[in-house]
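Single-structure report; data block below.
Everything numeric in this text was worked out from a predicted model, so none of it was measured.
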Amino acid sequence: LSHDQSCGYDGYRVTNSGYDILALHNLKSRGIIAGIGDKIGTGKESDVYLAITPRNTQIVLKFHRLGRTSFRDVKKKRDYFMVNSLSKNKK
């Protein structure tokens, strides 16, 4: 939950972490998961975690991050895109 005063009044909004907590609480309350483990992957639009069920079965949770990043931001942060764009600018 974050506090926002940019709109001229006191307001609150749920952050991505807040949505994650709500989703995990829902999965736990419904008896689908008993615990969450390590992050095993991060992609352009999702994060993947190991989890365990109440019956000790290992499962995978995938949190989709729609709108979290744009491909332009990914291009700025990855070295191989920078090398390619630098070589194009030298021509």
Side-chain angles (χ1 to χ4, degrees):
L1 195 62
S2 70
H3 185 243
D4 186 10
Q5 293 179 318
S6 65
C7 52
Y9 57 88
D10 286 341
Y12 296 91
R13 61 181 153 183
V14 178
T15 62
N16 281 338
S17 297
Y19 284 119
D20 292 348
I21 297 298
L22 289 172
L24 289 170
H25 177 72
N26 186 331
L27 291 170
K28 173 90 169 122
S29 298
R30 292 171 47 197
I32 296 171
I33 64 169
I36 189 165
D38 295 330
K39 182 187 284 190
I40 58 173
T42 301
K44 188 173 100 177
E45 296 179 345
S46 64
D47 293 332
V48 181
Y49 291 87
L50 288 175
I52 193 156
T53 67
R55 296 181 181 177
N56 280 345
T57 305
Q58 192 173 22
I59 61 172
V60 175
L61 293 177
K62 186 173 187 178
F63 291 94
H64 290 274
R65 304 285 187 215
L66 299 177
R68 177 179 71 173
T69 60
S70 70
F71 193 64
R72 291 179 190 160
D73 291 337
V74 172
K75 285 171 65 173
K76 291 176 189 174
K77 295 175 185 172
R78 294 198 178 159
D79 292 339
Y80 56 88
F81 284 119
M82 293 303 291
V83 171
N84 192 17
S85 65
L86 289 174
S87 64
K88 287 181 182 178
N89 291 336
K90 288 183 180 181
K91 291 181 182 180

Q: Please round to the nearest 0.5 Å and tell me the distance separating atom CD1 of I21 and atom CG of N26.
A: 12.5 Å
Q. Pick from D20, I32, L24: which one makes a side chain to side chain contact (heavy atoms under 4.5 Å, CB included) with L61?
A. L24
Would you mind writing out the side-chain donor-acceptor pairs for residues 48-59 within the sub-3.5 Å range, not counting sequence neighbours?
unit_1	atom_1	unit_2	atom_2	d
T53	OG1	R55	N	3.3
T53	OG1	T57	N	3.1
T53	OG1	T57	O	3.4

Q: For A34 and K28, work out which heavy atoms get closest and say how close.
A: O-NZ, 4.0 Å
